[in-house]
Amino acid sequence: MSFSRLFHVGAGPLEARLWSALAEIDDPEMPVNLVDLGLIYGLTVESGRACVRLTFTAMGCPATEMLMSDIRERLLAEPGIDEVCLEVVWDPPWTSARLTADGREALRAWGLSV
Amino acid sequence: MESQNSATFEGLLKRGELIESTSEMTPDYLRELKHTLIVSGDTELISAPAYYLAARKAPSVNAFMTAIAIIQDELAHAHIAYHILEELGESQEALIFKRDPKAFRYPYAFDVPLESWTELVVANAMYDQAGFCLLGDIHEQCSYGPWKRGLVKVMAEENFHLRNGRNWSKRISQAGGAAKEELQRAVDWMFPLTVEWFGLPDDLKQHSAQLEYRLKGLTNDQLRQQWLSTVVPFMESIGIRVPAHKENSHYVLDYPFPCTFDAEEKHWDYNDPCSWDDVLMRWRARGPRNAEMVALFQESFAKFQVRT
């Protein structure tokens, strides 16, 4: 998957596992996962505490709580993680340029021109 | 000419090809297609006021937005069905705004009010799952091209509704205590209402024109089983009891089906089995909120009509 090439550079094995876990969570309305959609800006782990910096495609996104609850639940299911902090940021803003090649392909296959 | 058309039509259906226009259809096929679309459009449309009344109880602004986004989806889905009906010669205006509330063809479940956030999310987990099974089957099997294609986006959006239902049901169950008890109570009355949503059991249904015309592909009991096979394991996985269990490869209900339902009390009497004629009578009489739900979208229509 392309996200692995993009994000795993320099990441330790635990971080890599968490990125893969995040890539299992799909957007609620489009067949693309959160990593390939480009919503995850950063991820750090320190003594069992995973911190994710993320954004949403729009400030008025009706699924923010749903996604944050899914992220929290999924990361807590990983061995070695007992706390999750989520930092929602709006700068830089999300644009379709943040899609990975796989994300772009998934949306094209679904019929969305990106 | 008529018989020639009819032979061409039968050929198209048999070869699994799609019907694209009214000129290819027999009158019987057109009638059955319209009936199926009306049930689908009415169901999507009525879910909007039904969900809206409960969405007002949302526990946060974003949760309220999620519910409103779901309602917007449902209205758009209704619009697809009514739009196709209009292309088939029906009047959207007459269908939506001029029909008597009792003439709407949506499942009885929507006549029983959803009165809390918990009941709304259980509806998302169970009613939308029923919609997902029924529409998924139409999406895969339907012989009418324009509807089959229109359902691609609908399926993706129904998935969002289901996820909201499951996500919240799980959270409420994990909270435990009174919140979990409320969730259990909602499932207790809504589960059998969704089971009956799929209609008469196959052994009582002699003939299905919908299957014959490939408007759908699965029988009532097959769709009911599909629904049970997703809802039962999910509810069990979050620690909620449901009156059904798996036996070999299929699901069996743990209560007499059908049995009597008190809509005002939202209570099923498992000690009082009834006949399907009794159920059909209850459905035809409609439930407590039928007129109110329909009025929610009908009442302002006449007021804003431009008089010519």
Side-chain angles (χ1 to χ4, degrees), chain A residues 21-37 39 52 54-78 81-90 94 96 99 102-114, chain B residues 48 51-52 55-77 80 117 120-121 124-125 128-129 132 136 139 148-175 179 234 237-239:
Chain A
L22 289 176
E24 287 173 18
I25 305 171
D26 280 332
D27 177 87
E29 290 193 307
M30 299 179 291
V32 59
N33 69 64
L34 302 188
V35 175
D36 281 330
L37 186 55
L39 296 187
V52 181
L54 75 161
T55 193
F56 295 101
T57 55
M59 274 195 177
C61 168
T64 56
E65 281 183 9
M66 182 192 284
L67 289 175
M68 288 197 284
S69 121
D70 281 353
I71 292 172
R72 199 168 279 120
E73 184 185 330
R74 183 61 192 86
L75 295 185
L76 284 173
E78 283 298 312
I81 299 301
D82 33 51
E83 200 184 335
V84 173
C85 72
L86 302 177
E87 187 195 352
V88 179
V89 296
W90 301 102
W94 181 89
S96 60
L99 281 159
D102 281 357
R104 209 169 292 277
E105 188 45 47
L107 292 184
R108 278 208 192 106
W110 194 53
L112 213 74
S113 67
V114 281
Chain B
Y51 287 178
Y52 176 70
R56 299 176 305 176
K57 308 282 175 71
S60 74
V61 172
N62 198 256
F64 194 14
M65 283 165 70
T66 307
I68 295 296
I70 289 171
I71 292 166
Q72 183 190 328
D73 287 345
E74 303 289 14
L75 288 169
H77 301 170
I80 292 173
W117 180 252
L120 176 62
V121 302
N124 284 153
D128 284 286
Q129 180 69 62
F132 194 85
H139 177 230
K148 185 183 171 76
R149 289 186 291 274
L151 285 173
V152 175
K153 185 167 167 276
V154 174
M155 296 312 294
E157 289 171 348
E158 288 293 340
N159 210 28
F160 170 51
H161 310 176
L162 263 180
R163 190 153 149 195
N164 186 55
R166 289 180 166 219
N167 200 307
W168 270 99
S169 295
K170 195 170 177 181
R171 279 167 74 174
I172 295 170
S173 183
Q174 278 166 353
F234 170 72
S237 77
I238 62 165

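Just so it is clear, the model here is predicted, and its values are computed rather than measured. Residue numbers start from 1 in every chain, and the chains themselves are labelled A, B, ... in the order their sequence lines are given, proteins ahead of strands.
Using a 4.5 Å heavy-atom threshold, the side chains of M66(A) and F160(B) count as touching.
The environment of K153(B) atom NZ is sparse: at most 12 non-hydrogen atoms of other residues, nucleotides or ligands sit within 6.0 angstrom. Counting non-hydrogen atoms of neighbouring residues, nucleotides and ligands closer than 6.0 angstrom, the CD atom of Q72(B) reaches no more than 12 such neighbours.
Here the options are K170(B), Q174(B), R171(B), the test is side chain to side chain donor-acceptor pair (under 3.5 Å), and the partner is E73(A); only K170(B) passes.
Contacts of T64(A) with chain B are made by both backbone and side-chain atoms, with heavy-atom separations under 4.5 Å. Residue D26(A) touches chain B through both its backbone and its side chain, counting heavy-atom pairs closer than 4.5 Å. Both the backbone and the side chain of A63(B) come within less than 4.5 Å of a heavy atom of chain A. Only the side chain of L67(A) comes within contact range of chain B, with at least one heavy atom under 4.5 Å from a heavy atom of that chain. Both the backbone and the side chain of A156(B) come within contact range of chain A, judged by heavy atoms closer than 4.5 Å.
In this structure, R163(B) pairs ionically with D70(A), as a charged nitrogen and a carboxylate oxygen lie closer than 4.0 Å.
Put simply, CD on E29(A) and NE2 on H161(B) are 7.0 Å apart, with the number rounded to the nearest 0.5 Å. We find the CD-CG distance between E65(A) and N164(B) to be 10.0 Å, quoted to the nearest 0.5 Å.
N62(B) contributes a side-chain N or O that, together with a main-chain N or O of C61(A), makes up a donor-acceptor pair within less than 3.5 Å. A donor-acceptor pair under 3.5 Å links the side-chain atoms of T66(B) to the main chain of P62(A), judged by distance alone.
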